[in-house]
Asker: 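Have a look at this one before I ask anything.
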Amino acid sequence: QVQLVESGGGLVQTGGSLRLSCAASGSVFSGLTMAWYRQSPDLARTFFAGVSQEGNAIYGAPVKGRFIVSRDNAKNKLSLQMGALAPEDTATYYCAAGKHLFTDGRPTHWGQGTQVTVSS
């Protein structure tokens, strides 16, 4: 089984940057798609960005070049570099793992989430 622990969230001003990290444990990390989901107040948790087991990065929402998702299987880490942050980016960001997340799959493993708050 996979255990996921996020870190790196915080409070930043508009235009600031953060780097979110997800530390994964378990023997099946390399066999799963790893992704970030986010959830804003009053909104559903939705796919944001992920990296497949083949190393393909997919972004599920417009990011205007402000976000880079990366995966390091050797270090069992998933990262999300966030730049030029805006209040609309305020949300809880969750690390997730599962199969076929870029199609109809749903995560089978979730982290606890890390809060990102962008002040205007």
Side-chain angles (χ1 to χ4, degrees):
Q1 293 236 273
V2 176
Q3 290 77 46
L4 308 173
V5 180
E6 305 96 329
S7 63
L11 173 64
V12 298
Q13 297 178 342
T14 296
S17 62
L18 288 171
R19 184 176 178 87
L20 307 185
S21 295
C22 173
S25 62
S27 61
V28 297
F29 178 85
S30 63
L32 300 173
T33 296
M34 302 295 299
W36 294 98
Y37 287 67
R38 71 176 177 181
Q39 184 171 12
S40 300
D42 302 320
L43 297 176
R45 190 177 303 180
T46 58
F47 176 87
F48 187 72
V51 184
S52 73
Q53 60 268 39
E54 296 84 13
N56 300 315
I58 297 293
Y59 298 89
V63 297
K64 302 178 181 179
R66 299 185 295 114
F67 298 89
I68 301 174
V69 63
S70 60
R71 174 176 181 165
D72 188 337
N73 288 340
K75 297 182 179 179
N76 298 318
K77 288 176 58 179
L78 179 74
S79 298
L80 182 67
Q81 182 66 47
M82 314 171 73
L85 287 166
E88 66 190 28
D89 299 317
T90 294
T92 303
Y93 289 76
Y94 296 87
C95 183
K99 294 184 179 296
H100 308 116
L101 297 186
F102 299 158
T103 55
D104 296 327
R106 300 296 176 89
T108 54
H109 302 83
W110 290 97
Q112 83 286 352
T114 185
Q115 177 68 34
V116 171
T117 302
V118 184
S119 62
S120 60

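All residue numbers in this chain count up from 1 along the given sequence. FYI, side chains are in, hydrogens and waters are out, and symmetry mates aren't considered; it's all heavy atoms of this structure.
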Asker: Going by heavy atoms in the side chains, are Met82 and Arg66 under 4.5 Å from each other?
Answerer: no

Asker: Please list, chain by chain and in numerical order, all residues satisfying side-chain hydrogen bond (donor to acceptor under 3.5 Å, both in side chains) with Gln115, sequence neighbours excluded.
Answerer: Thr92, Thr117

Asker: Test: salt bridge (Lys or Arg N to Asp or Glu O under 4.0 Å). Region: residues 94-120. Which pairs qualify, not counting sequence neighbours?
Answerer: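 Qualifying pairs: none.
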
Asker: What residues form a ring-ring contact (aromatic ring centres under 6.0 Å, His included) with Tyr59, not counting sequence neighbours?
Answerer: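 Applying ring-ring contact (aromatic ring centres under 6.0 Å, His included) to Tyr59 gives none.
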
Asker: Could you note down all residue pairs passing disulfide (SG to SG under 2.5 Å) where residues 31-61 supplies at least one of them, sequence neighbours left out?
Answerer: none

Asker: For Thr108, check side chain to side chain contact (heavy atoms under 4.5 Å, CB included) against everything at least two apart and list the hits.
Answerer: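 For Thr108, no residue satisfies side chain to side chain contact (heavy atoms under 4.5 Å, CB included) once neighbours in sequence are set aside.
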
Asker: One pair to check against side-chain hydrogen bond (donor to acceptor under 3.5 Å, both in side chains): Gln53 and Thr33. What are the steps and the verdict?
Answerer: CA-CA 5 Å; Gln53 60 268 39; Thr33 296; 3.1 Å; yes

Asker: Got a sec, which pairs hit salt bridge (Lys or Arg N to Asp or Glu O under 4.0 Å) with one end in residues 107-120, sequence neighbours left out?
Answerer: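 Every pair satisfying salt bridge (Lys or Arg N to Asp or Glu O under 4.0 Å) with a residue in residues 107-120: there are none.
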
Asker: Under the salt bridge (charged side-chain N to carboxylate O under 4.0 Å, His left out) test, which residues partner Arg38, sequence neighbours left out?
Answerer: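 Expected list: Asp89.
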
Asker: Output every pair passing ring pair (Phe, Tyr, Trp, His ring centres under 6.0 Å) with a member in residues 69-96, not counting sequence neighbours, ordered by first then second residue.
Answerer: Phe48-Tyr93

Asker: When the side chains of residues 7-23 are checked against the rest of the protein, which donor-acceptor pairs come out under 3.5 Å, sequence neighbours left out?
Answerer:
residue : atom : partner : partner atom : Å
Thr14   : OG1  : Ser119  : O            : 2.8
Arg19   : NH1  : Gln81   : OE1          : 3.2
Arg19   : NH2  : Ser79   : OG           : 3.3

Asker: Please determine whether side-chain contact (heavy atoms from CB on, under 4.5 Å) holds for the pair Cys95 and Trp36, giving the CA-CA distance in whole Å, both sets of side-chain angles, and the decisive distance to 0.1 Å.
Answerer: CA-CA 5 Å; Cys95 183; Trp36 294 98; 4.1 Å; yes

Asker: Measure the OH-CG distance between Tyr37 and Leu101 for me, rounded to the nearest 0.5 Å.
Answerer: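 So the OH of Tyr37 and the CG of Leu101 are separated by 4.5 Å.
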
Asker: Apply side-chain hydrogen bond (donor to acceptor under 3.5 Å, both in side chains) to Ser52 and list each qualifying residue two or more places apart in sequence or on a separate chain.
Answerer: Glu54

Asker: Ile68 and Val116: same hydrophobic cluster, using ILVMFWY side-chain contacts below 4.5 Å?
Answerer: yes

Asker: Under the side chain to side chain contact (heavy atoms under 4.5 Å, CB included) rule, collect the residues that match up with Ala97, sequence neighbours excluded.
Answerer: Leu4, Leu32, Met34, His109

Asker: Is there side-chain contact between Phe102 and Val51, with heavy atoms separated by less than 4.5 Å?
Answerer: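 Contact flag for Phe102/Val51 side chains = no.
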
Asker: Apply the hydrophobic cluster definition, ILVMFWY joined by side-chain contacts under 4.5 Å directly or through others, and give me every member besides Val5.
Answerer: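 Val5 clusters with nothing; isolated.
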
